[in-house]
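These notes concern the structure reproduced below.
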Amino acid sequence: MADSIDWGFWGEGPGTEALGEVSGKRVLDIGCGTGRYAAHVARACGAQVDAIDSSATQLRRALGQYGNTHGLSFVHGDAVEYARAGAPYDVVYSVHALGYIDPDRSLPAIRDALRTGGRLVFSVLHTDADGAGPSETVRPRRAEVRLRDHTPLPVHMWVIAPSLWEELLVRHGFDVEGIEILAAPDAGNPVRCQLISGVCSRP
Ligand SMILES: C[S@@+](CC[C@H](N)C(=O)[O-])C[C@H]1O[C@@H](n2cnc3c(N)ncnc32)[C@H](O)[C@@H]1O
């Protein structure tokens, strides 16, 4: 289980506190992977966490390690379909998963899954390992997902400028709280991430 949420990749920078107070609250982890952060948020923060991932392999690992965790339920499926149908959440978060989903699909569904005033906190790539910075249009680029014991999986990825995330969030019913750029601690590493938070402003 993780000790804190690592929104970047380097074990430093903002941690779980970026979620705000979640004790006793309903929380959704989108693209939970092996469940390490969902287990942490349920156990260490006392939240009621639902964690969803579309990969059967990742979900199997998550259930194997954290399936009996109090306050934590895992769901296998598409996060957008699930969020559209989900009961209201206080907080939705996602660590490096929303970049794989068209934001014009994900953001309206997340807004519908949040109660008014509920928070969305997520991290996405800003600059990739090749040093390619964010796009100035909401178009995906080709990338690869590397999962343990699997050949790399070709995917589309939205690596877009902070101003575009801001525009998208506002368009889909969020007030933007902040967008922070997280840089690798070693100067030679070009990877940067965005940590984005917003509040559902739907009346
Ligand atoms: C880079 S991994 C991050 C996993 C985890 N959040 C972590 O940081 O350890 C991205 C995850 O998003 C999941 N994912 C991508 N698209 C998804 C979708 N539409 N619905 C649910 N999960 C999705 C993938 O299966 C993968 O496990």
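Whatever order the structure lists them in is the order used to number ligands and atoms, beginning at 1. The analysis underlying the following values was restricted to heavy atoms, covering all of them including side chains, and did not include hydrogens, waters or symmetry mates.
Evaluation of the salt bridge (Lys or Arg N to Asp or Glu O under 4.0 Å) test over residues 21-32, restricted to residues two or more places apart or in two chains, returns R26-D50.
Linking ILVMFWY side-chain heavy atoms closer than 4.5 Å, directly or via other members, places W158 and I181 in two distinct hydrophobic clusters.
Using a 4.0 Å cut-off between a side-chain N of Lys or Arg and a carboxylate O of Asp or Glu, R119 and D90 do not qualify as a salt bridge. With salt bridges taken as basic N to acidic carboxylate O contacts below 4.0 Å, one links R105 and D78.
More than 12 heavy-atom neighbours from other residues, nucleotides or ligands sit within 6.0 angstrom of CG on D186.
Between atom CG of residue L182 and atom CG of residue L125 there is a gap of 11.0 Å, rounded to the nearest 0.5 Å.
Using a 4.0 Å cut-off between heavy atoms, S94 makes no contact with ligand 1 at all. At a 4.0 Å heavy-atom cut-off, ligand 1 touches I101 through the side chain alone.
A parallel orientation is assigned to the rings of F9 and H96, their planes being inclined by less than 30° (bins at 30° and 60°).
Between Y37 and ligand 1, no pair of N/O atoms sits closer than 3.5 Å. Residue D78 places at least one N or O, backbone or side chain, under 3.5 Å from an N or O of ligand 1. For ligand 1, none of its N or O atoms has an N or O atom of I30 under 3.5 Å away. Not one N or O of Y100 is nearer than 3.5 Å to an N or O of ligand 1, by distance alone.
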Show the atom names and distances, to 0.1 Å, of all donor-acceptor pairs under 3.5 Å that link a side chain in residues 189-196 to residues at least two apart or in another chain.
residue : atom : partner : partner atom : Å
N189    : OD1  : V191    : N            : 2.9
Q194    : NE2  : H126    : ND1          : 2.9
Q194    : NE2  : I160    : O            : 2.9

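Under the 4.0 angstrom criterion for non-hydrogen atoms, S106 is not in contact with ligand 1. The closest approach between a heavy atom of V80 and any atom of ligand 1 is not below 4.0 Å. Not a single heavy atom of Y82 sits closer than 4.0 Å to an atom of ligand 1.
Proximity to A79 (heavy-atom distance under 4.0 Å) selects the following atoms of ligand 1: 18 (C), 20 (N), 21 (C). Against a heavy-atom cut-off of under 4.0 Å, H96 is close to the following atoms of ligand 1: 1 (C), 2 (S), 3 (C), 10 (C). Atoms of ligand 1 found under 4.0 Å from any heavy atom of R36 (numbered from 1 in listed order, with element): 7 (C), 8 (O), 9 (O). Near S55, meaning under 4.0 Å from any of its heavy atoms, are these atoms of ligand 1: 25 (O). Listed by number with element, the atoms of ligand 1 under 4.0 angstrom from any heavy atom of Q58 are 27 (O). Close contacts between ligand 1 and V95 involve ligand atoms 3 (C), 5 (C), 6 (N), 8 (O) [criterion: under 4.0 Å to a heavy atom]. In the vicinity of G77, heavy-atom distances shorter than 4.0 Å reach the ligand 1 atoms 20 (N), 21 (C).
For the pair L153/E144, no side-chain contact is recorded, criterion being any heavy-atom separation below 4.5 Å from C-beta on.
A ring-centre distance under 6.0 Å is not found for W7 and Y37.
D53 pairs with exactly one of R60, R61, Q58, H76 by the side chain to side chain contact (heavy atoms under 4.5 Å, CB included) rule, that one being Q58.
Comparing A56, A97, A2 by heavy-atom distance to atom 12 (O) of ligand 1, the nearest is A97.
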